[in-house]
Structures are given as C-alpha cells and as structure tokens.
Amino acid sequence: MSTGREAYSRMVDEGIDRRDLLRHLFTRATRAVAQAGGLQIPEPDLTPRGRLAATLAGPGNLRQAGAAVGLQAHAAAIQALSRRSLRAVSAGAPATAQVTFGGRPTFAANLDWPEREGRLLTYLARVETERLPGPLLFFFDTVAAPSGLQADHRGAGRALLGGTQAADVAESDTTAAGPCSPAERTAGASAEELVLPRAWSAAVGALELSEEERQEWEQMRENLAEMQGTEPPYELLASFHVVHRILGFPDESSGDMPLICELCARGHDVPGGQALLHPEAQELEQDATRWELLAQLSADTRLGWVWPHRRLYFWIDAAALQRGDLSEVWTIAR
C-alpha cells in the first residue's frame with residue numbers, strides 16, 4: 001500500500017492551471033496572426049473593476065459592524081484581526097501617486113535588476129506608504145509565469161526598495177535597465193480601507209466560531225465593505241474584479257496561500273494548489289501563519305497585463321517585513 005506522501009508525489013506536475021494557460025496562449029497566437037495580416041485587434045477590457053473606498057472605517061465602525069450581526073462578544077478579536085489595506089486602480093494621470101505602474105524604475109543603492117534562470121524579471125509597480133519600509137518595486141517573471149506552487153519557483157516574484165521617482169533622475173541613479181510593463185509610467189489612484197480575514201482563514205478558525213457565527217462573520221465583512229463604499233465580498237463575479245491591493249488580505253476564496261508559501265519555502269511542491277492534502281500540511285499549518293500579504297496585482301488590460309493567471313499574490317514573512325528584510329518574498333499566480 002502506498003503512503004500518503006507517495007500518493008501525493010504522483011500528483012506533482014508543473015503546478016500551472018492549464019486551462020488558463022491554453023486560453024492565454026490561444027489569445028496571443030490569434031492576435032499575432034491577425035496583426036501579421038494587418039489587422040489591429042484591441043485588447044479587451046477586463047470588467048468589472050473593484051471600487052476604491054470612499055471613506056476609511058475606524059474602530060467605531062468596526063464595533064458597529066460586529067454588533068449589527070451579533071458578534072459583539074468577539075469585539076476584541078475583531079479589532080485585533082482587522083488590517084488597513086491600500087487599494088489602487090490605474091488612473092492614467094501624471095505619475096505622482098502612492099502607486100505607479102511600469103515605466104523605468106530607480107533602485108536604492110547597491111541593488112541590481114532581479115533575474116531568474118538568466119532572465120530579467122519584468123518590473124510592474126511601485127508602492128509607497130508609511131506602513132512599508134520604503135518605496136517598494138514589484139517584479140515578476142512574466143515570461144515563464146510560474147504558478148508559485150513548486151519549490152523551484154522561488155524568485156519568480158521579487159520586491160526591492162526603490163529610489164527617487166523624480167522624472168529628471170540622473171542616469172547614474174539607476175542600477176540597470178530591464179523590461180517594464182507598461183513601458184510608460186502610469187499613475188494609480190489609491191485609497192485605504194479597513195479589511196477583515198474571511199471566516200475560513202486560520203486566524204478566524206482559532207476563534208472556534210459556530211457555523212452560524214461564521215455566517216455572521218461574513219455578513220460583518222460585507223457590512224464593513226458597504227460602510228466604506230467598496231463592493232461586498234460576495235458580489236457577483238467579485239473574484240474576477242481587477243483589484244490591486246497592498247497589505248491587508250487577498251481577494252480570493254481558498255485561504256490556503258500562506259500554507260502553500262510555507263510548504264514551498266521548505267522545499268515541497270504543492271500540485272494543483274492542494275495544500276491541505278499535503279502530508280506535511282498539519283505539521284506546518286501553525287508555521288504558515290507567519291506569512292502575510294505584501295501585494296496583490298491583478299491582470300489588467302489597461303496596463304497591458306494579459307497573463308495566464310488572474311492575479312499575482314506577493315507574500316512575505318511578517319517579522320521580516322517589520323525588519324525591512326525583503327529577501328524572502330513568495331509569489332503565487334492564480
């Protein structure tokens with residue numbers, strides 16, 4: 001009889017969603033053939049798009065959202081689990097916002113353009129907020145587009161400290177030139193919002209809520225979103241929204257990405273993203289709580305981001321982020 005580890009090992013493949021990949025390759029091939037024949041096919045716009053918060057909720061709003069669904073007994077836990085998140089959209093305005101996309105970046109001193117397997121990673125975005133150790137630059141291997149479900153996908157996504165963003169920065173202030181997407185710098189409009197983890201996350205699971213309380217928790221998250229003017233978590237097609245997010249919690253439904261990061265960082269593959277089925281899952285589940293979302297970037301046709309995956313999720317060890325250590329960032333593409 002085979003062991004669970006052996007059965008799991010037989011499942012290991014390249015960890016790519018083949019349907020998304022084939023759809024992506026077919027679209028690119030069709031477009032290339034059409035353009036070779038002189039036809040110009042505009043990129044389709046991905047809709048719907050997530051809304052920026054109109055106002056930032058505070059502790060009072062959080063207590064109100066919890067009390068409205070009968071969770072006032074968990075008020076302290078709700079407060080402790082809440083996080084402020086910065087959401088951004090491409091605005092097409094002059095590049096002076098907290099979040100900018102593409103264009104040639106400038107690095108902090110002594111940093112080189114990141115690469116993987118002999119390829120320069122593609123620079124995607126720059127983010128600056130007081131809750132980060134400095135302006136961060138985000139890169140991803142858009143050529144191979146690895147899923148982040150294998151141990152050898154390490155380094156597929158990187159975050160580096162950025163330098164000045166002045167338009168007249170001297171050539172000597174940049175460490176190297178490399179691929180940027182989009183090619184020209186595009187500003188993003190951004191707004192902060194207060195967010196809570198989903199009811200099935202490990203953090204909420206530790207509260208040992210009843211099934212009814214878990215439903216109330218999700219209703220509370222919906223109420224909190226509506227208070228701030230963003231879309232409720234269960235809005236139709238919400239998982240397909242173009243949502244660029246810095247810090248907070250990811251816009252996804254599985255809740256297993258921290259465990260995926262922990263498994264892969266320790267040298268394990270996670271075929272199909274089935275982290276909970278991995279033989280080491282139970283042993284490493286607690287250690288996986290160290291991972292928190294650093295950034296989430298969505299495929300966005302306005303920026304020319306047409307990827308085989310809908311979103312890139314950059315994860316980091318929370319303690320390392322506090323130290324300003326960006327060396328261990330794990331990126332999952334889904």
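Position 1 is the first residue of the sequence; numbering continues from there.
- Between the side chain of Arg126 and the main chain of Pro135, no donor-acceptor pair closer than 3.5 Å is present.
- From Trp315, atom CH2 reaches atom CD of Glu262 across 12.5 Å, with rounding to the nearest 0.5 Å.
- Expressed to the nearest 0.5 Å, how far CD of Gln296 lies from CZ of Arg87 amounts to 8.5 Å.
- Aromatic ring orientation, His244 versus Phe101: tilted (interplanar angle from 30° to 60°).
- A chain of hydrophobic side-chain contacts below 4.5 Å, direct or via other Ile, Leu, Val, Met, Phe, Trp or Tyr residues, connects Leu276 to Trp291.
- Taking the charged nitrogens against the carboxylate oxygens, Glu222 and Arg198 have no contact shorter than 4.0 Å, which rules out a salt bridge.
- Within the 3.5 Å criterion, the main-chain N or O of Glu280 finds a donor-acceptor partner in the side chain of His278.
- Annotation: side chain of Asp112 is not in contact with side chain of Phe107 (no heavy-atom distance under 4.5 Å).
- Side-chain atoms of Asp251 and His241 include no donor-acceptor pair closer than 3.5 Å.
- Ion pairing between a basic and an acidic side chain is recognised when a charged N comes within 4.0 Å of a carboxylate O; Arg214 and Glu208 show no such pairing.
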Margin query: Pair Leu194, Arg83 - check side-chain contact (heavy atoms from CB on, under 4.5 Å), show working.
Written below: CA-CA 6 Å; Leu194 196 65; Arg83 292 181 186 171; over 6 Å; no
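- The six-membered or imidazole ring of Tyr313 lies away from that of Trp330, with a centre-to-centre distance of 6.0 Å or more.
- Connection of Leu297 to Leu303 is established within a shared hydrophobic cluster, with ILVMFWY side chains joined at heavy-atom distances below 4.5 Å, either directly or through further cluster members.
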Next item on the list: Could you check Leu312 against Phe138 for side-chain contact (heavy atoms from CB on, under 4.5 Å), going step by step and ending with a plain yes or no?
Entry: CA-CA 10 Å; Leu312 305 178; Phe138 291 91; over 6 Å; no
Next item on the list: Could you go through the side-chain contact (heavy atoms from CB on, under 4.5 Å) check for Leu132 and Leu247 one step at a time?
Entry: CA-CA 9 Å; Leu132 292 175; Leu247 302 175; 4.1 Å; yes
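- Each of Gln322, Arg290, Arg323 was checked for a side chain to side chain donor-acceptor pair (under 3.5 Å) with Asp317, and the lone residue meeting it is Arg290.
- Note that CG of Asp256 and CD of Glu285 are 10.5 Å apart. Values are rounded to the nearest 0.5 Å.
- Using a 4.5 Å cut-off on side-chain heavy atoms (C-beta onward), Phe249 and Leu293 make no contact.
- Of the possible polar contacts, one joining the Glu218 side chain to the Ala199 backbone as a donor-acceptor pair under 3.5 Å is found.
- By the rule that hydrophobic residues join a cluster once side-chain heavy atoms approach within less than 4.5 Å of another member, Trp305 and Leu120 end up as members of one cluster.
- With no hydrogens or angles considered, no side-chain donor-acceptor pair links Thr142 and Trp307 at under 3.5 Å.
- Placement of Leu62 and Leu86 in two distinct hydrophobic clusters is found when ILVMFWY residues are connected by side-chain heavy-atom separations under 4.5 Å, directly or transitively.
- The aromatic rings of Tyr123 and Phe139 sit tilted relative to each other, their planes meeting at an angle between 30° and 60°.
- Hydrophobic clustering keeps Leu52 apart from Met227 (ILVMFWY residues linked when any side-chain heavy atoms are closer than 4.5 Å, directly or through intermediates).
- Judged purely by atom type and a 3.5 angstrom limit, Asp287 has no side-chain atom pairing as donor or acceptor with the backbone of Leu284.
- Looking only at distances, no side-chain donor or acceptor of Ser85 sits under 3.5 Å from a matching main-chain atom of Val195.
- A donor-acceptor pair under 3.5 Å links the side-chain atoms of His153 to the main chain of Gly148, judged by distance alone.
- When side chains are defined from C-beta on, Pro146 does not count as touching Gln150, because their heavy atoms never get closer than 4.5 Å.
- Side-chain N/O atoms of Thr100 and Arg185 include no donor and acceptor closer than 3.5 Å.
- One finds a salt bridge joining Arg245 and Glu193 here, because a Lys/Arg side-chain nitrogen approaches an Asp/Glu carboxylate oxygen to under 4.0 Å.
- Contact of the Arg131 side chain with the Arg84 side chain is registered, since non-hydrogen atoms from C-beta on lie closer than 4.5 Å.
- Within the 4.5 Å cutoff, side-chain heavy atoms of Leu321 are placed close to those of Pro133.
- Here CG of Leu224 is found 7.5 Å from OG1 of Thr230. Values are rounded to the nearest 0.5 Å.
- Here the rule is side chain to side chain contact (heavy atoms under 4.5 Å, CB included) with Ile332, and of Cys264, Ser147, Pro250, Cys261 only Cys261 fits it.
- Side-chain contact annotation: Ser190 with Gln98, donor-acceptor N/O pair under 3.5 Å present.
- Judged by distance alone, the side chain of Asp141 and the main-chain N or O of Val143 form a donor-acceptor pair under 3.5 Å.
- To the nearest 0.5 Å, the span separating OG1 on Thr331 from CG on Leu121 amounts to 9.0 Å.
- The CD1 atom of Ile246 lies 8.5 Å from the CG atom of Leu136; values are rounded to the nearest 0.5 Å.
- A donor-acceptor pair is defined here as one N or O able to donate and one able to accept, closer than 3.5 Å; such a pair exists between the side chain of Ser210 and the backbone of Glu213.
- No donor-acceptor distance shorter than 3.5 angstrom exists from the side chain of Gln219 to the backbone of Glu216, with no hydrogens or angles considered.
- Side chains of Ser298 and Asp300: a donor-acceptor N/O pair is absent below 3.5 angstrom, by distance only.
- Looking at Glu252 and Ser254, their side chains do bring a donor and an acceptor atom within 3.5 Å of each other.
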Item checked: Derivation and outcome, side-chain contact (heavy atoms from CB on, under 4.5 Å), residues Leu81 and Leu207 -> CA-CA 11 Å; Leu81 292 177; Leu207 302 180; 4.2 Å; yes
